[in-house]
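Chain naming here is simple, since letters A, B, ... match the order of the sequence lines and numbering starts at 1 in each. When reading the values below, keep in mind they use all heavy atoms of this one structure, side chains included, and skip hydrogens, waters and symmetry mates.
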Protein chains: 2
Amino acid sequence: MLTGRQLLILQVIIDDFIQTAQPVGSRVISKKEDISFSPATIRNVMADLEDMGYLEKTHSSSGRVPSEKGYRFYVDNLLSPQIAPDDINVIKHVIQDGIFEFEQIVQKSAEVLSDITNYTSIILGPEVFETKLKQLQIVTLTPQTAVCILITNTGHVEHRAFSIPTEMSSSELEKMVNILNDRLQGVPILRLPEKLNTEVLSLMRMYVNDFEKSFDYLKAAFFNEHPVKLYFGGKTNMLMQPEFKDIDKVRSFYTMMEREEEIADMLKATTDGIKVTIGHENKVDAIKDCSLITATYHLGEEQMGTIALLGPTRMEYKKVITLLNALSNEMTEALYMWYKNND
Amino acid sequence: MLTGRQLLILQVIIDDFIQTAQPVGSRVISKKEDISFSPATIRNVMADLEDMGYLEKTHSSSGRVPSEKGYRFYVDNLLSPQIAPDDINVIKHVIQDGIFEFEQIVQKSAEVLSDITNYTSIILGPEVFETKLKQLQIVTLTPQTAVCILITNTGHVEHRAFSIPTEMSSSELEKMVNILNDRLQGVPILRLPEKLNTEVLSLMRMYVNDFEKSFDYLKAAFFNEHPVKLYFGGKTNMLMQPEFKDIDKVRSFYTMMEREEEIADMLKATTDGIKVTIGHENKVDAIKDCSLITATYHLGEEQMGTIALLGPTRMEYKKVITLLNALSNEMTEALYMWYKNND
DNA sequence: GTTAGCACTCTCGTTTAACGAGTGCTAATT
DNA sequence: AATTAGCACTCGTTAAACGAGAGTGCTAAC
């Protein structure tokens, strides 16, 4: 257990380091407003904190730097949740300002988030799977090719072109679309393949001649790959951080940022609420000296997606957590508004 | 005018430097297979080439490095166009391998191009304006909101959600869509706004009650912003180039890469055929030590888009030019196939 | 318990020296 | 007359040496 003085000094050190990125020495601390001890006293305290593992030295006679354990303690115990500042109004404004598509909201949110914080933001888009099919349309481009369009109740549109088997007439095609719409409207996207195989398959076999080949095309076109959508903001912000001054780190960081599946998996694994993952707590090597802060957004009880901020371990945790909290709420609300309208 | 020997040595120097990224000295050259002069002779020639501005020294007693003028001469006169290697088969394969959407072809091309070359590729998507409207659909999500979907003859799909004026009934909406489709099918996207204002406006006023407000919505939804699409490949490849070892260059480079309009303008300005822009020939500051190689792809006589490769001035011009040539042809052909089918 | 004082440690920037790669010039060679 | 060998010279790179500065840990005094 830490004494009050230890807590105070730990907090001051971390706050200072977060701002300056420089090891902080006893002299600097003694000059702070709310500190009334001499440098020597502070040195003693710092030595204790180091023994306990909350602080580190970069070399034997340098100032102290927070260890990961220190950061962990800091976010767990030393963060007085503060009422968020103007930034939250900015967020509100962006989210509600005459945007009609959820995708746009998400993209804008990612941008705003990175602009405000100067870190890199990643948002895991709302799971398409959870949304329901509103309508399915096939538009023929030529006798051989057509584009299939799938509209969800959220206003999301997916499309894929495919080629029509030569044996199939256009009336046949139309019949097929009708059956599909009749049977599949309102079905969650996630269930589509299953539903397609059970109910619809037999029906089609009955009414549509030679449907099988085009059916395959359709299935291949839509259900093979359903990549989760990631929205990024401020990808270059990391370059501005002093901890990324050497090129090798930059390389490995950006190489990682291109492995979207990996990132998506990481974000999917997040549980409810705000979660802070510091340094080596991260499983991914390339961000072992970064912190990842995630929050989720919801529809009702159900978790729909994840918002994340990625920065150096020396992050402005207080600001960022408040902000993420706010954004999470705003997005949840925006999502709710959507679904209220679009059942 | 350069003598044969000067030509030979200039070529060898540039070739070597392109490979090693190190200033090349007289000794190294004398060791090359097709060189039969002593280092001293070569030094004399190099001094001449330097006087003429084709070579530079990084400092007074270093080996020589090609100047921009040197590179310019190299690409203009020293590049024996060579038959392309296996890479071209890779390209062919990627482009023709069961892809049905032109966008996909473009995206894949960008990726392949950067993978093969280890540079950054940028492709300016086919101008949406040139394509024609195939069909227009409006799907209502709720009584208040709908999503408008626009399908072009190329299989390209655009969509935008908008809100329905409360006064408008669904039958009214349907009537509107019918009129729009009736009048606008086959019209080039570029002409839509104009056509909308002339022919369709009066017609709508006649048949649809209270159409004006939703008309505004529609127009706003579709025709405000029509950003040109850029496709990137290998954005991180630049980090691997030794000339990008200092972080400031990296910063300014990636900051530039985010200004998509600027890049688009740059690529739009390209004329027909392959064009090489070396170093300071580039207007954009952040790539004053890069070379940009562009090629165009076509539909019939008409230029549709631009393929570009961005790398350090020390680029493998020969390989890259051959490759870009091939890709340009492949894309033109693919585009032609598209349009042949999708008039 | 706190603090002043001091010796000690380590980094950082500067200086110095040695080394090596490469040049330019001159004189000898072909 | 062209080519080349030889040599002095230049400059970047690396390593070692050094002083200054920041900060610590410890001891002794308050």
Side-chain angles (χ1 to χ4, degrees), chain A residues 1-10 12-17 19-32 34-67 70 242-243 245-247, chain B residues 1-10 12-17 19-32 34-67 70 242-243 245-247:
Chain A
M1 291 300 87
L2 298 184
T3 67
R5 182 188 296 174
Q6 287 172 327
L7 289 176
L8 174 62
I9 288 185
L10 181 57
V12 171
I13 290 179
I14 298 187
D15 281 338
D16 187 86
F17 183 72
Q19 266 216 303
T20 66
Q22 297 298 327
V24 9
S26 54
R27 239 187 83 86
V28 181
I29 295 188
S30 73
K31 292 279 175 59
K32 298 259 174 185
D34 28 358
I35 299 289
S36 52
F37 322 106
S38 75
T41 311
I42 293 169
R43 281 203 290 279
N44 289 330
V45 177
M46 291 201 297
D48 293 344
L49 288 170
E50 185 178 358
D51 286 345
M52 290 184 274
Y54 296 116
L55 294 179
E56 283 171 352
K57 285 189 282 196
T58 64
H59 60 270
S60 73
S61 74
S62 75
R64 298 307 203 291
V65 157
S67 69
E243 22 271 284
K245 67 182 189 305
D246 82 321
I247 203 80
Chain B
M1 290 297 86
L2 297 182
T3 69
R5 181 189 299 174
Q6 286 172 327
L7 288 176
L8 174 62
I9 288 185
L10 180 57
V12 171
I13 290 179
I14 298 187
D15 281 338
D16 188 86
F17 182 72
Q19 267 216 303
T20 65
Q22 297 297 327
V24 6
S26 54
R27 239 188 82 86
V28 181
I29 294 187
S30 72
K31 293 281 177 57
K32 299 258 173 186
D34 28 359
I35 299 289
S36 53
F37 321 107
S38 75
T41 312
I42 294 170
R43 281 204 289 281
N44 289 329
V45 177
M46 291 201 296
D48 292 345
L49 287 171
E50 185 179 357
D51 286 344
M52 290 183 273
Y54 296 117
L55 295 178
E56 284 170 353
K57 284 189 281 196
T58 65
H59 61 270
S60 73
S61 74
S62 75
R64 299 307 205 291
V65 155
S67 68
E243 22 271 284
K245 67 180 189 306
D246 82 321
I247 202 80

Quick one, which residues of residues 38-56 of chain A touch DNA chain D with a heavy atom under 4.0 Å? A:R43, A:M46

Nearest whole angstrom, please: distance from the [atom2] of [N] to the [atom1] of [X].
X: B:R5; N: D:dA2; atom1: CZ; atom2: P; answer: 10 Å
X: A:I35; N: C:dT2; atom1: CD1; atom2: P; answer: 13 Å
X: A:R27; N: D:dG23; atom1: CZ; atom2: C1'; answer: 11 Å
X: B:D16; N: C:dA21; atom1: CG; atom2: C1'; answer: 15 Å
X: B:I29; N: D:dT3; atom1: CD1; atom2: P; answer: 16 Å
X: B:I13; N: C:dG22; atom1: CD1; atom2: P; answer: 12 Å

Run the side chain to side chain donor-acceptor pair (under 3.5 Å) test against [X] and tell me which residues pass, sequence neighbours left out.
X: B:S38; answer: B:T41
X: B:E56; answer: none
X: B:Q19; answer: none
X: B:T58; answer: B:S62

Partner set under side-chain contact (heavy atoms from CB on, under 4.5 Å) for [X], not counting sequence neighbours:
X: A:T3; answer: A:R5, A:Q6
X: A:D34; answer: A:K32
X: B:S30; answer: B:P39, B:I42

To the nearest 0.5 Å, what is the distance between CD1 (A:I13) and CD1 (A:I9)? 6.5 Å

Within this structure, what is the CG-CG distance for the pair B:D246 and A:D246, rounded to the nearest 0.5 Å? 12.5 Å

Nucleotides 15-17 of chain C: which of its N/O atoms have a protein N/O under 3.5 Å away?
none

Tabulated below should be each protein N or O lying under 3.5 Å from an N or O of nucleotides 8-14 of chain D; please produce it.
unit_1: D:dT10; atom_1: O3'; unit_2: B:S60; atom_2: OG; d: 3.0
unit_1: D:dT10; atom_1: O2; unit_2: B:S61; atom_2: OG; d: 2.5
unit_1: D:dC11; atom_1: OP1; unit_2: B:S60; atom_2: OG; d: 3.4
unit_1: D:dC11; atom_1: O5'; unit_2: B:S60; atom_2: OG; d: 3.4
unit_1: D:dC11; atom_1: O4'; unit_2: B:S61; atom_2: OG; d: 3.4

Atom pairs and distances, donor-acceptor, side-chain atoms in residues 20-27 of chain A, under 3.5 Å, two or more places apart:
unit_1: A:T20; atom_1: OG1; unit_2: A:D16; atom_2: O; d: 3.1
unit_1: A:T20; atom_1: OG1; unit_2: A:Q22; atom_2: N; d: 3.1
unit_1: A:S26; atom_1: OG; unit_2: A:R43; atom_2: NH1; d: 3.2

Side-chain donor-acceptor distances from residues 44-55 of chain B under 3.5 Å, at least two apart:
unit_1: B:E50; atom_1: OE1; unit_2: B:R64; atom_2: NE; d: 2.9
unit_1: B:E50; atom_1: OE1; unit_2: B:R64; atom_2: NH2; d: 2.9

Tell me whether the OP1 or OP2 atom of D:dT24 has a side-chain N or O from A:R64 closer than 4.0 Å. yes

With a 4.0 Å cutoff (strictly under), does any side-chain N or O of A:K57 reach OP1 or OP2 of C:dT11? no

Given D:dT4, D:dG25, C:dG24, which nucleotide is nearest the side-chain atoms of B:F37? D:dT4

